[in-house]
Amino acid sequence: MASPAERSGRQVSRAIDALRRGQPVVIRDGKAAVTVLAVELAEDDTLAALDAAAPADVLITASRAATLKLVNQLAAASGPVRIGRVPWLDLAAAVALADPVFDLTRPLKGPFAARDVGAADAADAAIQLAKLAGLLPALFIREAVKDDREAPHVTPGDVASYVAPDRLRIVSRAHLPIAQSDKSMLVAFRGVPEQGEHLALLVGGAPAHDTTPLVRLHSECLTGDVLGSLKCDCGPQLHAALDAMAAAGGGILLYLRQEGRGIGLLNKLRAYALQDQGFDTVDANLRLGFAIDERDFRIAARMLNLLNIDTVRLLSNNPEKVEGLQAAGIKVAERVSLALPSNPHNAHYLATKRDRTGHIL
């Protein structure tokens with residue numbers, strides 16, 4: 001028989017799958033319940049079915065609302081913002097409201113009226129589910145009715161438990177010779193299925209118990225690590241970190257499946273398109289409706305705990321990684337710089353990291 005935690009996790013998985021298929025999800029917060037539908041994947045018939053009970057509003061994040069100059073309508077603009085539907089706010093207009101690629105090509109009609117979001121925890125959970133599904137964080141939302149009983153039902157607590165780092169477990173390990181050290185070992189961790197399997201590469205094998213290992217938190221970057229993108233410094237940093245660990249006699253590379261600072265590959269490409277319009281990496285994320293950095297470094301701390309490591313020398317230019325690990329109980333004995341030369345394609349990117357996100361370059 002499945003445990004309550006397992007049943008809760010299955011419900012969240014069903015909810016994420018429903019959003020990805022363009023189907024509604026019910027989020028119940030105490031006596032209040034809302035039904036949501038991802039704007040990105042809604043179609044005319046599914047929106048019409050949702051609107052049959054009552055016209056659904058549009059829920060967006062505070063950062064997207066700030067882009068649209070809506071946050072001044074509400075005293076509290078730190079959480080999701082609910083925009084009241086009016087007759088002209090149809091599916092196409094809602095998609096334009098959600099997706100910044102249309103900001104320049106399809107000027108929004110307006111004016112928009114922000115409403116009381118209602119069940120705030122349910123709204124937060126809806127945004128979190130959309131992010132877990134890899135979608136733009138924008139949803140149609142209305143109060144739930146009896147006809148919604150066939151849709152997956154979750155609670156904010158279900159969603160919070162689903163993404164908790166303590167779900168992470170070691171599932172496999174194997175010897176993996178690499179160019180820097182033929183004695184290396186790869187350890188695979190499984191947690192939330194939507195986040196993929198996180199990896200730890202033990203360069204030179206498991207560290208001795210009386211040492212403080214050199215550790216690098218490296219977030220997955222398909223474009224940089226695999227395709228050799230010049231827009232970022234991820235690929236060169238990955239290889240420089242492995243070289244540094246080999247020179248130090250060993251180390252640990254935590255390969256975190258948090259592409260695009262946690263927004264996912266597809267949304268990262270959307271951010272790239274906004275960068276082509278002149279926005280930097282920070283503003284691109286905010287215009288999409290995400291935080292500047294959506295990564296959860298508690299996952300890295302959990303991985304280190306499972307490897308029986310509580311103190312590290314962190315190979316990083318990012319003070320937030322130091323703070324994130326220490327807040328999760330991992331002592332950072334030293335921050336070791338990992339500075340590399342820029343190229344004409346990533347010079348602005350690196351300057352933005354320095355000037356806007358506090359990287360020490």
Side-chain angles (χ1 to χ4, degrees), residues 16 19-20 36 38-41 58-71 76-83 94-104 108 114 117 120 123-141 156 159-160 162-163 192 194-196 217 219-224 231-232 234 256-299 318 320-321 324 348-349 352-353 355-359:
I16 293 169
L19 289 180
R20 284 176 169 169
V36 299
V39 169
E40 179 181 344
L41 295 178
V58 178
L59 187 74
I60 59 176
T61 65
S63 60
R64 182 62 180 153
T67 296
L68 300 170
K69 312 299 183 187
L70 291 175
V71 294
S78 59
V81 174
R82 183 169 176 167
I83 301 170
V95 170
L97 190 68
D99 191 344
V101 73
F102 296 105
D103 287 351
L104 298 180
L108 298 172
V117 75
D124 287 335
I127 294 294
Q128 182 66 50
L129 285 173
K131 291 177 179 179
L132 284 168
L135 305 174
L136 287 170
L139 305 104
F140 291 106
I141 182 171
V159 179
Y162 190 72
V163 298
V192 175
E194 289 73 23
Q195 294 177 341
L217 275 56
S219 299
E220 179 182 35
C221 178
L222 175 69
T223 49
K231 287 177 66 70
C232 64
C234 300
L256 307 173
R257 305 297 295 278
Q258 301 188 78
E259 180 91 39
R261 295 181 186 165
I263 68 175
L265 178 61
L266 296 184
N267 287 318
K268 183 175 85 168
L269 296 184
R270 286 171 165 142
Y272 278 1
L274 292 175
Q275 291 168 39
D276 290 340
Q277 295 178 13
F279 298 102
D280 64 24
T281 53
V282 169
D283 287 332
N285 270 26
L286 294 175
R287 294 186 77 87
L288 283 164
F290 293 98
I292 295 171
D293 194 333
E294 292 274 353
R295 289 175 292 184
D296 185 354
F297 296 125
R298 298 176 304 164
I299 292 172
N318 186 355
E320 289 193 3
K321 289 183 178 179
H348 182 57
Y349 163 84
T352 300
K353 288 171 71 171
D355 299 337
R356 301 198 64 186
T357 60
H359 283 62

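The main-chain N or O of Ser63 is never found under 3.5 Å from a side-chain atom of Arg287 such that the two would form a donor-acceptor pair.
Smallest separation of non-hydrogen atoms from Ala114 and Val81: CB-CG1, 3.9 Å. Contact record, Phe140 with Ala94: CZ-CB, 3.5 Å, taken as the closest heavy-atom pair. When every heavy atom of Tyr162 is checked against every heavy atom of Val192, the shortest pair comes out as O-CG2, 3.0 Å. Residues Ile292 and Asn285 approach most closely at O-ND2, 3.1 Å, considering heavy atoms. Heavy-atom minimum distance, Gln195 versus Leu132: NE2-CD2, 4.4 Å. Smallest separation of non-hydrogen atoms from Phe297 and Lys321: CZ-CG, 3.7 Å.
Atom-to-atom distance recorded for Asp293:CG and Asn318:CG is 7.0 Å, nearest 0.5 angstrom.
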Could you list the donor-acceptor pairs under 3.5 angstrom formed by side chains in residues 256-265, with sequence neighbours left out?
residue, atom, partner, partner atom, Å
Arg257, NE, Glu220, OE1, 3.1
Arg257, NE, Glu220, OE2, 3.1
Arg257, NH1, Glu197, O, 3.2
Gln258, OE1, Asp296, N, 2.7
Glu259, OE1, Leu222, N, 3.2
Glu259, OE2, Leu222, N, 3.1
Glu259, OE2, Lys268, NZ, 2.5

Atom pairs and distances, side-chain donor-acceptor, residues 123-131, under 3.5 Å, sequence neighbours left out:
residue, atom, partner, partner atom, Å
Lys131, NZ, Glu294, OE1, 3.4
Lys131, NZ, Glu294, OE2, 2.8

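In this structure the side chain of Val95 reaches within 4.5 angstrom of the side chain of Val39, judged on heavy atoms. Side-chain contact between Thr67 and Pro100: absent, with no pair of heavy atoms (C-beta onward) separated by less than 4.5 Å. For the pair Leu19/Leu41, no side-chain contact is recorded, criterion being any heavy-atom separation below 4.5 Å from C-beta on. The shortest side-chain heavy-atom distance between Phe290 and Thr61 does not fall under the 4.5 Å cut-off. At least one side-chain heavy atom of Leu286 sits under 4.5 Å from a side-chain heavy atom of Asp283. Two residues are said to be in side-chain contact when any heavy atoms from C-beta on lie closer than 4.5 Å; Arg64 and Pro137 fail this criterion.
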| Full working for side-chain contact (heavy atoms from CB on, under 4.5 Å) between Ile60 and Arg82 | CA-CA 7 Å; Ile60 59 176; Arg82 183 169 176 167; over 6 Å; no
| task | Output, in order, the C-alpha distance, side-chain angles, deciding distance and verdict of side-chain contact (heavy atoms from CB on, under 4.5 Å) for Leu59 and Val117. | result | CA-CA 8 Å; Leu59 187 74; Val117 75; 3.7 Å; yes
| request: Kindly indicate, with the supporting measurements, whether the criterion side-chain contact (heavy atoms from CB on, under 4.5 Å) is fulfilled by Thr352 and Thr357. | output: CA-CA 7 Å; Thr352 300; Thr357 60; 5.6 Å; no
| task | Mind running side-chain contact (heavy atoms from CB on, under 4.5 Å) on Ile141 and Val58 for me, showing each step along the way? | result | CA-CA 6 Å; Ile141 182 171; Val58 178; over 6 Å; no
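Here Arg270 pairs with Glu40, Asp99, Leu136, Asn267, Leu288 under the side-chain contact (heavy atoms from CB on, under 4.5 Å) rule; sequence neighbours left out.
Relative to the six-membered ring of Tyr272, Lys231 meets both conditions, a distance below 6.0 Å and an angle of at most 45° to the axis.
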